[in-house]
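See below for the structure under consideration.
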Amino acid sequence: MSQVVTRFAPSPTGYLHIGGARTALFSWAYARKMGGKMLLRIEDTDRERSTEAAVEAIKDGLSWLGLHWDGDAISQFGRASRHAEIAHELIARGHAYKCYCSPAELDQMREEARAAGKPPRYNGYWRDRDQSEAPAGVAPVIRIKSPLSGDIVVHDHVQGEVVFKAENLDDFIILRSDGTPTYMHAVVVDDHDMGVTHIIRGDDHLTNAARQIVVYNAMGWDIPEMAHIPLIHGPDGAKLSKRHGALGVEAYRQMGYLPEALRNYLARLGWSHDDDEIFSSEQMIEWFSLDGLNKGAARFDFVKLESINGHYIREAKPDYLYGVMIALAEEVGRLADLEGLTADKATVLAALPELQPRAKTILELIDLAQFIYASRPLPIDSAASALLTPDARSVLGDVRDLLIGLNDWSVEAIDAAMRTLAEAKGLKLGKLAQPLRAALTGRTVSPGIFEVMVLIGRDESLARLGDQIDTK
RNA sequence: GCGCCCAUCGUCUAUCGGUUAGGACGGCACCCUUUCACGGUGCAGAGCGGGGUUCGAUUCCCCGUGGGCGUACCA
């Protein structure tokens, strides 16, 4: 019974957003570190907003990031009768009661409290009132009896001891008038029943923790260890918006980020292990501890994410990257690229070591590979065509004559021949190389142009060169 | 309004009373160089403000300021 059990409990009202992904990452890392389990519970009690598609999106997102949960995902909605059972048990124990107040009466109470400079709260009208006074035809809610005085303290691994005065908490609803549980109640019952020992969640739940402790105490249940991690903010320090990165993890995949890079980046947002920046999942598990969690909110920074992504692209094996490129081209509908990458697989694989250091995302990697399968005559972008002046084209003519006579089509041989030619004509090598690059790739940026020539081969190289010399 | 949380370079962070306040991303300069990257070297860049406590505070306490979260028959 000493096994650690954590849980990730998203509500399926949308995709797995970036903040949720990080919460899951920490819950997962802690469970793995402690040799315990991470459970997945879908908080779908809000029937209006919950969708099956969102459940799948969340599971897909977790799987893509490599955050595997133990056992089957649990539906909170499916446990409604258990929640109701506990609510009624609480009444029987004298810790809860039925309340018949109307929304209008509730509004009035809140207004009065606010006017008195107090937190807006329920005033306990039905707390000790006899049920015989109940109005006819009104379905009651069940409220828990929150302590009237004293402190409720949350012992938090991140925030420390957080004290809430009992008078600031009201008798909140645990069971709605339609018999369904509220979040505050369902969470406690589920965490208890699931044997959760450590609750790791966003600190937007910190005040909720105090309310939930009321339920734990009323039932006489042990309170799990808690760690409320700070939220992720946008670059301006305010709430994370879509423009700032509050997207589903699949959006990151579609932008060309590698799961290991996103995972690594997210881990460093609010958690640290000395000065380590780059680490594998295994290392994170080995190093992870609740003590390493930060208290302040972190801002999301796409630039740093890109940098880390670039690192993982550089380190990756070509065949792995090739697979990711194919899958991504298909996912985002880049059919021409999908076709070219598939048709010229061997060349792409051979070119990848040249491409990798130049790409920050998989999308960029695909762009960089386009010169391989581009069909003639190549589209020339504006910067490249600016390079193809009449003078440059005439130089390219000399280059072509030289290359036609070249027997050894290797980087070394081409390099030597080109340098000799440049010297003979009194030109810097760049004067030959840049127009050549424009002609062979249609761009001003590419891997080493001699490498490009070897990659696409002699015939294709000469043909592309010819396209630029002979037209005009 | 009320309650709670937070605060080190632009950003992510190290520091757990004594440091020239360290690293990473980004920026700038230089090197490498056929372009762009990669790589290498160097530079600039921070303890929110005010009070305490202490021989000594970035670090502990209080106030202020700024930001965040919560305040639902949402989760």
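In this text the structure is predicted, and so the values were computed from the model without any measurement. So that the names make sense, note that chain A is the first sequence line, chain B the second, and so on, each numbered from 1.
Pair assignment for B/rG27 gives B/rC43, based on Watson-Crick or G-U wobble hydrogen-bonding distances that are each under 3.5 Å. Of the nucleotides present, none pairs with B/rC36 by Watson-Crick or G-U wobble criteria with both distances under 3.5 Å. The partner of B/rU19, taking Watson-Crick or G-U wobble pairs whose two distances both stay under 3.5 Å, does not exist in any strand shown. Summarising the base pairing, B/rC73 is matched to no nucleotide, lacking a Watson-Crick or G-U wobble pair whose two defining distances lie under 3.5 Å. Within the shown strands, nothing qualifies as a pairing partner of B/rU8 under the Watson-Crick or G-U definition with both distances less than 3.5 Å. With a 3.5 Å ceiling on both atom-pair distances, the Watson-Crick or G-U wobble partner of B/rC48 is B/rG64. Nucleotide B/rU54 has no partner under the Watson-Crick or G-U criteria, as no pair reaches both atom distances under 3.5 Å.
Contact of the A/His233 side chain with the A/Phe300 side chain is not registered, since no non-hydrogen atoms from C-beta on lie closer than 4.5 Å. Contact annotation: the side chain of A/Asp170 never approaches that of A/Ser146 to less than 4.5 Å [non-hydrogen atoms, C-beta and beyond]. By the 4.5 Å heavy-atom criterion applied to side chains, A/Arg268 and A/Ser272 are counted as neighbours.
For the pair A/Arg443 and A/Phe371, the cation-pi test (distance below 6.0 Å, angle within 45°) is failed. Cation-pi contact between A/Arg143 and A/Phe172: absent, since separation from the ring centre below 6.0 Å together with deviation from the ring axis within 45° is not met. Cation-pi check for A/Arg129 over A/Tyr125 is met; the charged atom lies under 6.0 angstrom from the ring centroid and within 45 degrees of its normal.
Proximity of A/Arg201 to the phosphate of B/rA75: no side-chain N or O atom is located under 4.0 Å from OP1 or OP2. Taking side-chain N and O atoms only, A/Ser307 has no distance below 4.0 Å to OP1 or OP2 of B/rA24. Checking the phosphate oxygens (OP1, OP2) of B/rA14, a side-chain nitrogen or oxygen of A/Asn294 falls inside 4.0 Å. Taking 4.0 angstrom as the limit, A/Arg121 places none of its side-chain polar atoms (N or O) nearer than this to OP1 or OP2 of B/rU71.
Partners of A/Arg458 under the side-chain hydrogen bond (donor to acceptor under 3.5 Å, both in side chains) rule, at least two apart in sequence or in another chain, do not exist in this structure.
Residue-level contact check: A/Arg211 touches the backbone only, with heavy atoms under 4.0 Å from sugar-phosphate atoms and none from bases. Within 4.0 Å (heavy atoms only), A/Phe450 reaches at least one base atom of the nucleic acid. Within 4.0 Å of A/Thr444, counting heavy atoms only, lies at least one base atom of the nucleic acid. Within the nucleic acid shown, A/Arg110 comes within 4.0 Å of sugar-phosphate atoms alone, with no base atom in reach, counting heavy atoms only. Using a 4.0 Å heavy-atom criterion, one finds that A/Ser446 contacts the bases of the nucleic acid, with or without backbone contacts as well. The residue A/Leu175 sits apart from the nucleic acid: no heavy atom pair falls under 4.0 Å. At the heavy-atom level, A/Thr180 lies nowhere under 4.0 Å from the strands shown. Among the heavy atoms of the strands, none lies under 4.0 Å from A/Gly310. Counting non-hydrogen atoms under 4.0 angstrom, A/Arg114 reaches a base of the nucleic acid. Residue-level contact check: A/Pro230 touches neither bases nor backbone, having no heavy atom under 4.0 Å from any strand.
Residue-to-nucleotide proximity on RNA chain B shows that, of A/Asp170 and A/Ala298, the 5′-proximal contact is made by A/Ala298.
For A/Leu269, the side-chain atoms get nearest to B/rC12 when compared with the rest of B/rC38, B/rA75, B/rC12. The side chain of A/His233 sits closest to B/rG68 out of B/rA37, B/rC12, B/rG68. Of all nucleotides listed (B/rA75, B/rU11, B/rC69), B/rA75 comes nearest to the side chain of A/Met184. Of the candidate nucleotides B/rC25, B/rA75, B/rC73, B/rC73 has the atom nearest to the side chain of A/Leu106. Set against B/rA24, B/rC69, B/rA75, the side chain of A/Glu277 has B/rA24 as its closest nucleotide. The side chain of A/Leu231 lies closest to B/rC69, out of B/rC69, B/rG23, B/rC25.
Residue A/Glu354 contributes atom CD, which lies 15 Å from atom P of B/rC36 at whole-angstrom precision. Atom OH of A/Tyr183 is separated from atom C1' of B/rU71 by 15 Å (rounded to the nearest Å). In this structure, CG of A/Asp381 is placed 13 Å from C1' of B/rC36, rounded to the nearest angstrom. What separates CD1 of A/Ile173 from P of B/rC73 is a distance of 4 Å, to the nearest Å. Across the protein-nucleic acid pair, A/Arg47 atom CZ and B/rC73 atom C1' stand 16 Å apart, rounded to whole Å. Following rounding to the nearest Å, A/His228 (NE2) and B/rG70 (P) show an atom-to-atom distance of 12 Å. Residue A/Tyr265 contributes atom OH, which lies 8 Å from atom P of B/rC12 at whole-angstrom precision. Going from atom NE2 of A/His311 over to atom P of B/rG39 covers 10 Å, rounded to whole Å.
To the nearest whole angstrom, the two P atoms, one in B/rC6 and one in B/rU54, are 26 Å apart.
In this model, a side-chain donor or acceptor of A/Asp275 finds a partner on the base of B/rG22 within 3.5 Å. With hydrogens and angles left out, the side chain of A/Lys360 and the base of B/rA37 share no donor-acceptor pair within 3.5 Å. Contact of A/Asp276 with B/rA24 (side chain to base): no donor-acceptor pair of N or O atoms is detected under 3.5 Å.
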Protein-nucleotides 2-8 of chain B N/O pairs closer than 3.5 Å?
| from | atom 1 | to | atom 2 | distance (Å) |
| --- | --- | --- | --- | --- |
| B/rC5 | O3' | A/Gln159 | OE1 | 3.2 |
| B/rC5 | O2' | A/Gln159 | OE1 | 3.1 |
| B/rC6 | OP1 | A/Lys295 | NZ | 2.7 |

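Using a cutoff of 4.0 Å between basic side-chain nitrogens and carboxylate oxygens, A/Arg79 and A/Asp193 are scored as salt-bridged. Salt bridge A/Lys304/A/Glu306: absent, no basic N to carboxylate O contact under 4.0 Å.
Of the candidates A/Ile42, A/Leu39, A/Leu62, A/Leu62 is the only one forming a side chain to side chain contact (heavy atoms under 4.5 Å, CB included) with A/Phe8.
Smallest separation of non-hydrogen atoms from A/Trp271 and A/Trp287: CZ2-O, 3.7 Å. For the residue pair A/Leu16 and A/Ala21, the shortest heavy atom distance occurs at CD1-N, 3.8 Å.
For RNA chain B, the neighbouring residues in residues 426-437 of chain A, judged by any heavy atom under 4.0 Å, are A/Leu429, A/Gly430, A/Ala433, A/Gln434, A/Arg437.
In this pair, A/Tyr257 and A/Tyr252 present their aromatic rings tilted. The plane angle is within the 30 to 60° band.
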